[in-house]
Amino acid sequence: MKSFTVACCLLPLVHFSFAEKWYKGNTHVHTKLCGHADSTPEVVAQWYHDHGYNFLILSEHNKYIDPSTVKLDGEIRDDFLLVPGEEVTGPVHSTAMNVSRLVPWEFKDKNRSKVVQWQVNETKKAGGITILNHPNAPIIRPAELYPVKDLYLFELYNAHPMTKNFGDAHRPSTSSLWNALLDKGMTIYGVASDDSHKFAKWDEKYDNPGRGWVMVRSNDLSSDAITLAMNRGDFYSSSGVILKKVMVANSRIEVEIDEEETARELTSQFLFGRPVKKGKPGTFIEFIGPGGEVEETVSGNQASYEAKKDYLRCMITHRVKKADGSLREYYAWTQPVFTDGR
């Protein structure tokens with residue numbers, strides 16, 4: 001297996017070549033093996049296959065599900081892959097992506113920096129990489145992550161209804177956590193995932209699938225290639241917005257929204273969007289620099305911007321007024337471009 005840490009260090013900037021392809025995937029989902037979900041690994045994998053996903057991690061709590069044991073029905077697409085994984089569930093939770101065996105989880109310490117580092121190290125020993133899960137549940141402070149080495153991925157958007165991605169009176173937003181980590185000099189990328197448990201009952205209040213995913217750019221659909229691409233930031237995250245063009249390189253970000261594919265995604269009966277109380281319907285592209293400062297906002301479906309400071313990232317908001325008069329927002333997030341040598 002490739003050394004993902006070395007690859008990430010050698011490729012600090014994201015370069016997308018047009019020879020590569022986009023692959024839609026989910027890195028965090030549960031089955032009845034955890035004791036509080038309602039469907040088997042086969043049913044869960046079948047749902048993602050049948051709804052056009054290209055890869056899935058069956059990230060069960062402290063259980064390793066061998067993809068070769070999960071048998072799907074009907075004609076199986078060549079472009080669907082089960083990436084082996086596990087949700088390492090201790091004082092903090094993380095997805096162990098592309099591991100070859102069960103990753104232990106028993107380590108406990110009052111210092112949660114040590115817990116996260118232990119999970120990262122144990123996942124590396126099992127051949128994989130770590131995605132820190134739902135940092136707002138439980139709340140993880142930036143200072144607890146500053147000392148951690150070789151952590152390059154965290155859940156910026158977890159679609160479980162109980163997570164508070166945008167913060168509340170008791171916790172900051174995951175975006176503010178990202179800003180703090182980037183401001184401190186960390187190289188870390190934001191992941192969107194479902195964290196779904198329910199496939200037999202459907203409602204906006206349930207933790208159903210199809211609400212948060214990653215779009216990974218890779219020249220190969222294999223566990224190693226997808227893992228390597230994510231660990232070096234060759235992907236964007238989405239809760240409904242699909243991009244036609246993403247260029248993140250040479251201190252510049254350029255994006256263009258795929259209006260047709262975004263509209264198609266928003267017809268999904270599973271995708272509700274985030275309810276908001278006010279705002280003008282439309283598409284808005286924000287370029288965000290250090291300190292979370294919005295350096296430029298563009299109204300429309302395409303934009304580009306040059307980084308003026310140490311890093312730059314981009315957030316796209318698509319705001320829709322529904323038939324009942326309510327406003328819903330859907331998002332896409334690019335990974336940062338760095339100009340400070342990290």
Side-chain angles (χ1 to χ4, degrees), residues 22-32 34 36-59 70 72-77 79-82 134 155-166 191-216 236-244 257-277 279 281-284 301 316-333:
W22 290 109
Y23 296 106
K24 182 178 182 179
N26 178 51
T27 60
H28 190 174
V29 66
H30 293 285
T31 77
K32 66 190 306 179
C34 74
H36 55 275
D38 64 12
S39 298
T40 64
E42 288 75 16
V43 167
V44 172
Q46 191 80 49
W47 190 94
Y48 284 94
H49 171 275
D50 293 350
H51 288 83
Y53 284 69
N54 301 113
F55 70 92
L56 172 68
I57 301 176
L58 295 169
S59 59
V70 180
L72 304 188
D73 295 328
E75 185 175 346
I76 308 305
R77 301 192 334 261
D79 63 344
F80 181 73
L81 172 71
L82 286 177
H134 42 69
E155 283 186 341
L156 171 69
Y157 183 83
N158 177 298
H160 193 294
M162 299 301 291
T163 57
K164 304 295 182 181
N165 301 297
F166 295 90
V191 174
S193 76
D194 276 335
D195 195 3
S196 49
H197 295 68
K198 289 184 171 59
F199 292 76
K201 297 173 66 177
W202 297 87
D203 193 272
E204 183 174 1
K205 66 182 179 181
Y206 294 144
D207 45 345
N208 297 137
R211 299 175 184 172
W213 60 88
V214 290
M215 298 293 295
V216 180
Y236 70 89
S237 292
S238 177
S239 71
V241 176
I242 300 298
L243 303 181
K244 180 183 293 185
I257 290 83
D258 191 321
E259 296 179 71
E260 183 176 337
E261 285 300 307
T262 298
R264 187 185 65 79
E265 287 286 356
L266 268 53
T267 64
S268 167
Q269 61 180 312
F270 318 113
L271 193 63
F272 294 96
R274 177 193 177 211
V276 294
K277 294 182 178 179
T283 303
F284 308 92
N301 291 315
I316 300 97
T317 301
H318 183 62
R319 190 178 301 127
V320 177
K321 189 172 185 178
K322 297 292 189 177
D324 62 2
S326 66
L327 287 170
R328 299 281 176 148
E329 289 185 348
Y330 307 85
Y331 308 97
W333 299 267

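- Rounded to the nearest 0.5 Å, atoms CG (L58) and CD (E42) are 9.0 Å apart.
- Under the 4.5 Å side-chain criterion, counting only non-hydrogen atoms from C-beta, N165 is in contact with N158.
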- Message: Using the rule given for side chain to side chain contact (heavy atoms under 4.5 Å, CB included), can you reason through L266 versus Y330, listing the C-alpha separation, both sets of side-chain angles and the distance that settles it, and then say yes or no?
- Response: CA-CA 9 Å; L266 268 53; Y330 307 85; 3.7 Å; yes
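- Within the 4.5 Å cutoff, the side chain of R319 has heavy atoms near those of the F284 side chain.
- Of the residues D207, N208, D195, the one that meets the side chain to side chain donor-acceptor pair (under 3.5 Å) test with H160 is D207.
- Every residue two or more places apart in sequence or in another chain that forms a side chain to side chain contact (heavy atoms under 4.5 Å, CB included) with D203 is listed here: K205, Y206.
- Summarising the geometry, atom NE2 belonging to H318 is positioned 10.5 Å from atom OG belonging to S239; distances are rounded to the nearest 0.5 Å.
- Within the 3.5 Å criterion, the main-chain N or O of R77 finds a donor-acceptor partner in the side chain of H49.
- When every heavy atom of V29 is checked against every heavy atom of I57, the shortest pair comes out as CG1-O, 3.2 Å.
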- Evaluation steps, side chain to side chain contact (heavy atoms under 4.5 Å, CB included), between D38 and H197: CA-CA 7 Å; D38 64 12; H197 295 68; over 6 Å; no
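- Listed by chain and residue number, nothing satisfies the salt bridge (Lys or Arg N to Asp or Glu O under 4.0 Å) test with D258 (two or more places apart in sequence, or in another chain).
- Taking the centre of each ring, Y157 and W333 come in below the 6.0 Å mark.
- With 3.5 Å as the limit, one finds a donor-acceptor pair spanning the side chains of Y48 and S196.
- The side chain to side chain contact (heavy atoms under 4.5 Å, CB included) check on F272 picks up E204, R211, R328, with sequence neighbours excluded.
- Here the straight-line distance linking atom CZ of F55 with atom CZ of F80 works out to 10.5 Å at 0.5 Å rounding.
- Remark: N26 CG to S59 OG distance equals 7.5 Å, nearest 0.5 Å.
- Between the side chain of W213 and the main chain of G210, no donor-acceptor pair closer than 3.5 Å is present.
- Aromatic pair W47/F270: ring centres closer than 6.0 Å.
- The cationic atom of R274 (NZ for Lys, CZ for Arg) does not lie both less than 6.0 Å from the six-membered ring centre of Y331 and within 45° of the ring axis.
- Of the inter-residue distances, the one linking E155 atom CD with S237 atom OG reads 9.5 Å to the nearest 0.5 angstrom.
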- Task: Dump the intermediate steps for side chain to side chain contact (heavy atoms under 4.5 Å, CB included) on I257 and T262, then the final yes or no.
- Result: CA-CA 8 Å; I257 290 83; T262 298; 3.7 Å; yes
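- If you check the side chains of H134 and T163, you find no donor sitting under 3.5 Å from an acceptor.
- In this structure, N54 and D79 approach most closely via the heavy-atom pair ND2-O, 3.1 Å.
- Take E261 and apply the salt bridge (Lys or Arg N to Asp or Glu O under 4.0 Å) test, not counting sequence neighbours, and it matches R264.
- For K322, there are no salt bridge (Lys or Arg N to Asp or Glu O under 4.0 Å) partners, not counting sequence neighbours.
- The closest donor-acceptor contact from the side chain of E329 to the backbone of V320 lies at 3.5 Å or more, if one exists at all.
- A donor-acceptor pair is defined here as one N or O able to donate and one able to accept, closer than 3.5 Å; such a pair exists between the side chain of Y236 and the backbone of L243.
- Remark: the backbone N or O of G240 is paired with a side-chain donor or acceptor of S238 at under 3.5 angstrom.
- Residues S39 and T31 have side chains not in contact (no heavy-atom distance under 4.5 Å, counting atoms from C-beta outward).
- Rounding to the nearest 0.5 Å gives a distance of 13.5 Å between CD1 of I242 and CD of E259.
- Under a 3.5 Å cut-off, the side chain of D194 and the backbone N or O of G212 do form a donor-acceptor pair.
- For K24, the salt bridge (Lys or Arg N to Asp or Glu O under 4.0 Å) partners are E265, not counting sequence neighbours.
- Smallest separation of non-hydrogen atoms from V70 and P41: CG1-O, 3.8 Å.
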